[in-house]
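Written out below as structure tokens is the structure these notes cover.
Whatever order the structure lists them in is the order used to number ligands and atoms, beginning at 1.
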Amino acid sequence: MITTILISFMQFSIVAPHSLHRHCIATQGTLYPKNIQLVMIDDVIVYYYNSSAEQEAVVPEWLNHPEGIEFWQEVHRNLKFNRYVMDTAVRVTSEHYNHSHDHFYQAHGRCGWKSDGTTEAFMSHAYDGKDFVSFDVSTRTWTAAVSHAVFYKRKRETDLEDLVRLVIHYESGCIRWLEKLLEFSVTVREPKVPAVSLFERPPHGNSKVEVTCHVTGFYPRAVQVDWLGAEGLPMVDGVNSGEVLPNGDGSYQLRKSLTVPQEAQDTQSYSCLVLHSSIAGNITVTWAPKKNLANVLMAIVIIVSVVLMLTVLFKYLVWRRAVAQNPE
Ligand SMILES: *[C@@H]1O[C@H](CO)[C@@H](O)[C@H](O)[C@H]1NC(C)=O
Ligand SMILES: *[C@@H]1O[C@H](CO)[C@@H](O)[C@H](O)[C@H]1NC(C)=O
Ligand SMILES: *[C@@H]1O[C@H](CO)[C@@H](O)[C@H](O)[C@H]1NC(C)=O
């Protein structure tokens, strides 16, 4: 009873707080594309730009929406300007380090809702993969992560127009983008139902069976997976949970394994219970102990042997009779 209440409570708390991510990588030189730019909602790419391929891609549903085209123009202007800012950043930073070419400047901006419903935003930059500067939206200050970044922090914080642009974007624009994209993009909004399967690792040495519940293809990310034992109570001991991992197609997967105690292997069955916002109820897949496989195999071997022996005996008797009836 308590478990049921607890689990139904957990089911209602499965709400995904979405976030929008902006990524941009700028390089100088010839080895890599000059710019790669991505806009993602959670783990779903909704905008992609590759300067080498002259390739720009958006989630097409935006453009089907009446408001989408106007919105797209605004996003496009902003992202294009951002590439210019990034080209400048990689140029001045490479110059500062006396680097020639093929060094990377990366920016990651993020905004979203926290679980309490309030919003948050941040932005950080890296040079050659190492933290360089960050921008705190609430205090409107730049921080240098390394002493060589102080020059860049100064350059950005003394440009008041740039500061206002950043604050406006991260305090309101970014959240508005997130809201609009969630409204326009079916790909982002559409929940995907998890597929649940069990696989069993045969016991090795210690004769403990490990059963894994593989939950995959679901969206959004938030999911509840439990192993239920006797009387439907959630198991704690012997349960090993993986992390929720992106599948790369906008869906996620999670594995949760249960080590079945040896004494329970022949008698107790266990269920993998999955709760997800894409389904009204639950998905339950049950693992039942194999009814002593060795004994079943032994019985089959005995039956086959007996049938073989009887066949041989019958043929022998028929042959004996034939011989007796036709003596030479
Ligand atoms: C960008 O486009 C170029 C040229 O088509 C391609 O070789 C490269 O792999 C692309 N880079 C990324 C990160 O997509
Ligand atoms: C770059 O070169 C200049 C002049 O040679 C030198 O003063 C400066 O310290 C160098 N910068 C770095 C980061 O090594
Ligand atoms: C799971 O669904 C089944 C069938 O709809 C229901 O009987 C059971 O109570 C549900 N279990 C939980 C823990 O929600």
Side-chain angles (χ1 to χ4, degrees), residues 1-15 21-41 43-60 76 79-80 82-84 86-87 89-90 101-109 125-129 187 191 193-198 211 213-216 218 220 222-237 239 241 246-250 254 256 258 268-288:
M1 184 58 187
I2 291 173
T3 324
T4 318
I5 293 168
L6 204 73
I7 288 174
S8 17
F9 171 73
M10 289 189 296
Q11 189 171 359
F12 284 109
S13 68
I14 299 171
V15 215
H21 297 261
R22 307 173 51 137
H23 293 275
C24 190
I25 305 177
T27 61
Q28 272 194 308
T30 47
L31 225 54
Y32 308 104
K34 199 160 148 271
N35 281 114
I36 295 284
Q37 205 171 22
L38 291 174
V39 176
M40 297 168 87
I41 291 192
D43 286 289
V44 181
I45 296 173
V46 293
Y47 172 86
Y48 176 78
Y49 175 83
N50 176 347
S51 59
S52 290
E54 280 298 333
Q55 184 195 5
E56 193 168 37
V58 291
V59 170
H76 193 249
L79 294 174
K80 196 171 170 190
N82 185 228
R83 295 201 287 271
Y84 158 75
M86 291 292 289
D87 289 344
V90 72
H101 47 70
D102 292 330
H103 291 266
F104 297 89
Y105 197 96
Q106 285 163 274
H108 175 205
H125 293 184
Y127 182 66
D128 281 350
T187 321
V193 179
V196 184
S197 56
L198 301 183
V211 191
C213 183
H214 182 54
V215 183
T216 189
F218 56 89
V223 71
Q224 176 78 41
V225 178
D226 276 306
W227 271 107
L228 307 182
E231 291 156 33
L233 294 173
M235 304 283 295
V236 178
D237 291 339
V239 174
S241 183
N247 277 331
D249 61 355
L254 173 68
K256 209 161 204 175
L258 171 74
Q268 180 62 50
S269 59
Y270 298 89
S271 296
C272 177
L273 172 79
V274 179
L275 299 173
H276 187 255
S277 55
S278 64
I279 42 171
N282 63 70
I283 300 178
T284 303
V285 181
T286 300
W287 177 86

**Prompt:** atom 13 (C) of ligand 1: which protein heavy atom is closest, and how many Å away?
**Reply:** Ile36 CD1, 3.5 Å
**Message:** Which residue and atom name correspond to the protein heavy atom nearest atom 5 (O) of ligand 1, and how close is it?
**Reply:** Ala53 CB, 3.6 Å
**Message:** Using only atom types and a distance under 3.5 Å, with no angle test, would you say the side chain of Asn282 pairs donor to acceptor with the backbone of Val274?
**Reply:** no
**Prompt:** Taking distance alone, with no angle check, do Thr284 and ligand 3 share an N/O pair under 3.5 Å?
**Reply:** no
**Asked** In ligand 3, which numbered atoms sit nearer than 4.0 Å to a non-hydrogen atom of Asn282?
**Response** 1 (C), 2 (O), 3 (C), 8 (C), 10 (C), 11 (N), 12 (C), 14 (O)
**Message:** For ligand 1, which is the ligand I care about here, please tell me if Asn50 has any N or O atom under 3.5 Å from one of the ligand's N or O atoms.
**Reply:** yes
**Message:** In the complex you have, is atom 7 (O) of ligand 1 within reach of the protein, judged by whether a heavy-atom distance drops under 4.0 Å?
**Reply:** no
**Request:** For Leu79 and Gln37, work out which heavy atoms get closest and say how close.
**Result:** O-NE2, 3.0 Å
**Complete:** To the nearest 0.5 Å, atom CH2 of Trp287 lies from atom OG of Ser271 at 11.5 Å
**Asked** Taking atom CG of Asn35 and atom SG of Cys24, what is their separation to the nearest 0.5 Å?
**Response** 5.0 Å
**Per-atom contacts, ligand 1 versus Ser52 - under 4.0 Å to a heavy atom** = 2 (O), 3 (C), 4 (C)
**Request:** Of the side chain and backbone of Leu273, name the one, both, or neither that has a heavy atom under 4.0 Å from an atom of ligand 3.
**Result:** side chain
**Item:** Side chain, backbone, both or neither: Tyr48 near ligand 1, heavy atoms under 4.0 Å
**Value:** side chain
**Prompt:** Given Phe218, which of Pro191, Ser278, Pro194 fulfils the side-chain contact (heavy atoms from CB on, under 4.5 Å) condition?
**Reply:** Pro194
**Asked** Would you call the rings of Tyr127 and Tyr105 parallel, tilted or perpendicular, where under 30° means parallel and over 60° means perpendicular?
**Response** tilted
